[in-house]
There are 2 protein chains.
Amino acid sequence: MRLAELSASTGVSVATLKYYLREGLLQPGAVVSKTQADYDESHVERVRLVRALSEVGGLPLATIGQVLEIITAPGHDWIDVLRAAQRSLVKPLGDNGFGATDGRGRARAWVDKRGWLIEPDDPFLDELDRAWAASDAGGIGFDEDRLDRYADHVEGIARVDVSTVPEEQEAAIRQVIIGTILVDPVLAALRRLAQQHVSRSQADQA
Amino acid sequence: MRLAELSASTGVSVATLKYYLREGLLQPGAVVSKTQADYDESHVERVRLVRALSEVGGLPLATIGQVLEIITAPGHDWIDVLRAAQRSLVKPLGDNGFGATDGRGRARAWVDKRGWLIEPDDPFLDELDRAWAASDAGGIGFDEDRLDRYADHVEGIARVDVSTVPEEQEAAIRQVIIGTILVDPVLAALRRLAQQHVSRSQADQA
DNA sequence: CATATTGGGGAGCGTTACTATCCGACGTCA
DNA sequence: TGACGTCGGATAGTAACGCTCCCCAATATG
């Protein structure tokens with residue numbers, strides 16, 4: 001398969017594919033001659049994955065590069081990979097206000113109270129702090145009780161996540177990383193739809 | 001409060017505040033003289049909200065402008081506002097591959113089967129299609145069964161969402177919009193933490 | 001052999017979210 | 001009253017991102 005054909009079967013322009021090659025997001029094809037390279041199904045898959053992570057996942061291409069590296073790299077220990085992968089997804093935000101002043105460490109305390117087993121330096125504690133503080137800044141009442149009620153349901157989601165992880169090492173890594181990134185938008189869309197369903201059925205009852 | 005003080009109490013640079021004023025994201029202060037304008041608490045809140053929506057919600061400033069307009073505008077009917085607000089959040093993506101070929105309308109069929117009451121032209125059906133197709137592109141097995149299991153839990157989240165909406169019109173609109181946008185990151189962070197907790201407790205059991 | 005196409009590479013472009021600079025009016029304190 | 005610093009407003013510049021355009025020489029193709 002030549003570059004133009006790869007372009008045809010992925011719907012991505014040749015120019016963009018060249019760009020991805022330059023950026024190392026797409027592995028080079030087998031060089032046949034100086035003006036011919038051969039691409040196969042694995043390249044098609046890779047391109048589709050890059051587009052999915054970019055368009056739906058909203059990740060910058062640089063981050064996608066890191067993610068692909070982790071997926072491609074030889075196997076590590078199961079839970080370490082999950083953490084490494086998740087770390088690569090944390091936005092490198094400086095301390096710009098949220099959580100810096102009022103709510104610092106609230107997440108840590110809440111997680112402890114709930115009895116979740118989380119490493120003390122987990123970057124997602126900061127993420128939770130930031131997001132929680134932002135919700136406060138939005139002026140909607142977001143207390144621990146509400147967070148607990150969310151957490152009850154999110155635990156169920158996490159159990160689904162974990163239960164669907166395959167046994168095999170490489171597939172597991174892929175599942176964890178891709179699943180973490182790409183399933184978020186699915187859940188967000190589901191939440192919007194469910195909100196409408198719930199509020200509509202309540203309105204019908206009333 | 002002068003612009004410099006507004007800057008001090010929000011942590012946002014004067015230059016950026018001027019930019020927000022130009023873009024209409026921040027309402028002008030009361031003009032005291034040609035070189036003096038007066039800002040109050042409402043301006044501080046507004047700036048914090050803009051930053052929250054931008055940094056944590058990840059919304060482009062143009063969209064934030066629309067959202068603020070909806071919040072500020074006089075009251076509409078309760079469920080219409082929810083839909084209008086949600087519509088303003090759908091990324092204006094063209095049909096770039098995902099969902100265009102294989103999975104088109106899968107979401108619609110699934111929603112019907114589940115018995116959710118959703119308008120046929122709801123934009124989030126497309127979102128779900130896209131996100132679902134992207135997960136497929138990621139090569140993780142994402143079938144209807146798994147989606148159903150997620151949906152069971154997401155329904156619970158939506159019930160929390162709906163139950164926390166206040167009675168009063170204006171507060172309700174604010175809650176729905178801000179809550180929809182800013183709670184997503186909270187749930188995402190919770191999901192990451194819950195994944196670790198769940199996989200860790202399973203490992204401990206084994 | 002003539003022509004078209006290919007892959008590679010550099011430079012340019014449009015958008016987004018600021019940031020820096022300039023300016024003239026104004027408050028302020030001596 | 002006057003020197004001086006600061007204010008708000010406007011214009012232009014910048015950095016990152018994600019492409020997209022164009023050129024080139026080599027090669028595939030008829």
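Numbers restart at 1 for each chain; the letters A, B, ... are given by sequence-line order, proteins then strands.
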Legend entry - Integer-rounded Å distance: D/dC7 C1' and B/Met1 CE: 16 Å
Legend entry - Presence of salt bridge, A/Asp184 and B/Arg192, under 4.0 angstrom: yes
Inset, instruction - Look at B/Arg106 together with B/Asp129 and state whether they make a salt bridge at an N to O cut-off of under 4.0 Å. - result: no
Legend entry - Nucleic acid contacts - residues 17-26 of chain A versus DNA chain D, non-hydrogen atoms under 4.0 Å: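 Output list: A/Tyr19, A/Tyr20, A/Arg22.
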Legend entry - Position toward the 5' end of DNA chain D (nearest nucleotide), B/Leu3 or A/Ser13: B/Leu3
Legend entry - Under the salt bridge (Lys or Arg N to Asp or Glu O under 4.0 Å) test, residues paired with B/Glu144 that sit two or more places apart: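 Only B/Lys113 meet the salt bridge (Lys or Arg N to Asp or Glu O under 4.0 Å) criterion with B/Glu144.
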Inset, instruction - Taking salt bridge (Lys or Arg N to Asp or Glu O under 4.0 Å) as the test, write out the residues that go with B/Asp40, two or more places apart. - result: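 With neighbours one apart ignored, the set is empty.
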Can a donor-acceptor pair be found between the side chains of [X] and [Y] at a distance below 3.5 Å?
X        : Y        : value
A/Glu155 : A/Trp116 : yes
B/Tyr20  : B/Arg51  : yes
A/Tyr150 : A/Asp145 : no

Legend entry - Geometric cation-pi criterion B/Arg22 and B/Tyr19, 6.0 Å radius, 45° cone: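 Verdict for B/Tyr19: no cation-pi partner in B/Arg22.
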Which atom pairs, donor and acceptor, lie under 3.5 Å between side-chain atoms of residues 23-38 of chain A and protein residues at least two apart or in another chain?
unit_1  : atom_1 : unit_2  : atom_2 : d
A/Gln27 : NE2    : A/Ser42 : OG     : 3.4
A/Ser33 : OG     : A/Thr35 : N      : 3.3
A/Ser33 : OG     : A/Gln36 : N      : 3.4
A/Asp38 : OD1    : A/Met1  : N      : 2.7

Inset, instruction - Verify, without hydrogens or angle tests, whether B/Ser163 (side chain) and B/Arg159 (backbone) share a donor-acceptor contact under 3.5 angstrom. - result: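 Yes.
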Interface polar pairs with nucleotides 27-30 of chain D, N/O, under 3.5 angstrom:
unit_1 : atom_1 : unit_2  : atom_2 : d
D/dT27 : O4'    : A/Thr35 : OG1    : 3.4
D/dA28 : OP1    : A/Ser33 : OG     : 2.8

Inset, instruction - Remember a base hit wins even if backbone is also touched, and classify B/Ala37 as base, sugar-phosphate or nothing at under 4.0 Å, heavy atoms. - result: sugar-phosphate
Legend entry - Positional range of nucleotides in DNA chain C within the contact set of chain B, heavy-atom, under 4.0 Å: C/dA17 to C/dG27
